[in-house]
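Let me begin by presenting the structure, written as structure tokens, before commenting on it.
All of these numbers come straight from a predicted model, not from anything done at the bench. Numbers for residues simply follow the sequence, beginning at 1. No hydrogens, no waters, no symmetry mates; every other heavy atom, side chains included, goes into these values.
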Amino acid sequence: MARKKIELQRCFISTIDSTGAYVDYNEYTMDPNGEIVGYVTQIFSYNYRNTKAKTAVYAMDSYLADIVPEDPEHFDAFVDVIADSMHETLREAYGMSAGSGLFVFAFVDDQPVIAFFKLNYQTRLTCEKDTDGTVIWKKDPRLLPGHTQKEYDYFFISPYERRVWMSDTHAVIGEESINYLAERILKITLHKSEKEVVDVIQNAMLDTIRECYDEEVPKKVFEYRQTIAAAAQEAGEINPEEIGTQIFADNEAAMERYEERAEDMQIPTQAVYISPPTRKALNKKQKIVTENGIEILVPVEFLEDKEIFDFQQDEHGSISIVIRDTKGVVK
């Protein structure tokens, strides 16, 4: 996510400490050119639409729908609810460290996005009270922590899409290990991350092709790669059932085998949202590796363009590859 696309609107900081009688929090007045704003923008952009994050969608009549604001003017009420819930959860949880809470309301491509980060206490950035009782951040003269230090848990909420994506950090509450942000704070049911869903669909498709197509495997793999890349690019989502029907229309046994795998692997039956980073990954080059170790990378869009790339497979399984590109160079 490019930082220039993020328009920070409001930012609150809070203490997260079970020893306190109540939660201390206040709005942070942002200096657009300050180091703290740079850190907030950095941690926001790094985790925004993270394909490894767990996901959820909430209904119109859900708990989240009641408390999530669509405009920054009502953001403080949301902060109040979540901060109190975090405070109570920390008192019950075993192994959760104290820290500070960072609440952000921003616009990304003119769409509202809410983010929360639980920052564990560290020597370079702590949350404490000033002499007048205001909650402030104190920092060491050294640089602020980087976004890659993994010293935080987080969630993002898109109010218009009613989508949530978040870290998968567990805490022990009672005798059960749970994702405390999902189950106790937001009261939602999590699903696999976008990356996990795409990976399981890919594995089911490719395993079925390898099992059912014999000498036609390379051609069918190319067809599948192009189909899923095109679907993700054009619609912004992939429907595993529709892709399976399209790819295996010529092979009833393969279709049945794929349906069995889809059920066993709990592949979603509905369309799956695909973010821009994943669309780009699906449209990447197809690697072809020969038995003697030669590797060829072919852009997905050229796999069936016989004017550029062509291959033939004989009855013994040997493949002949022809690449026509008079302007190519060896690198």
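- One finds a salt bridge joining Arg210 and Asp207 here, because a Lys/Arg side-chain nitrogen approaches an Asp/Glu carboxylate oxygen to under 4.0 Å.
- Look at Glu161 and Arg49 and you find a salt bridge, because one of the NZ, NE, NH1 or NH2 atoms lies within 4.0 Å of a carboxylate O, short of that distance.
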field: Candidate pair Arg163 and Tyr58, rule side-chain contact (heavy atoms from CB on, under 4.5 Å), full reasoning
entry: CA-CA 7 Å; Arg163 291 183 181 273; Tyr58 59 93; over 6 Å; no
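- A salt bridge is defined here as a Lys NZ or Arg NE, NH1 or NH2 lying under 4.0 Å from an Asp or Glu carboxylate O, and Glu88 with Arg184 fails to meet this definition.
- Contact check for Phe156 versus Ile114: no side-chain heavy atoms found under the 4.5 Å cut-off.
- Crowding of Gln270 atom CD: a count of heavy atoms from other residues, nucleotides or ligands under 6.0 Å exceeding 12.
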task: Dump the intermediate steps for side-chain contact (heavy atoms from CB on, under 4.5 Å) on Leu186 and Met166, then the final yes or no.
output: CA-CA 11 Å; Leu186 302 182; Met166 63 193 309; 4.3 Å; yes
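- Between the side chains of Thr278 and Glu194, at least one donor N or O lies within less than 3.5 Å of an accepting N or O.
- Between Arg261 and Glu211 there is a salt bridge, since at least one side-chain N of the basic residue sits less than 4.0 Å from a carboxylate O of the acidic one.
- Side chain of Thr227 to backbone of Glu223: a donor-acceptor contact under 3.5 angstrom is found.
- A donor-acceptor pair shorter than 3.5 Å can be found between the side chains of His170 and Asp168.
- For CG of Asp110, the number of neighbouring non-hydrogen atoms (other residues, nucleotides, ligands) closer than 6.0 Å is 12 at most.
- Around the CD atom of Gln266, the shell of radius 6.0 Å holds no more than 12 heavy atoms that belong to other residues, nucleotides or ligands.
- Other residues, nucleotides and ligands contribute at most 12 non-hydrogen atoms within 6.0 Å of the CD atom of Glu263.
- Without hydrogens or angle criteria, Asn50 side chain to Lys52 main chain gives a donor-acceptor distance under 3.5 Å.
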task: Kindly indicate, with the supporting measurements, whether the criterion side-chain contact (heavy atoms from CB on, under 4.5 Å) is fulfilled by Tyr213 and Asp250.
output: CA-CA 10 Å; Tyr213 280 87; Asp250 62 344; 2.7 Å; yes
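- Ring-centre distance between Phe75 and Phe105: below the 6.0 Å cut-off.
- Counting only distance, with no hydrogens or angles, the side chain of Ser85 and the backbone of Val81 share no donor-acceptor pair below 3.5 Å.
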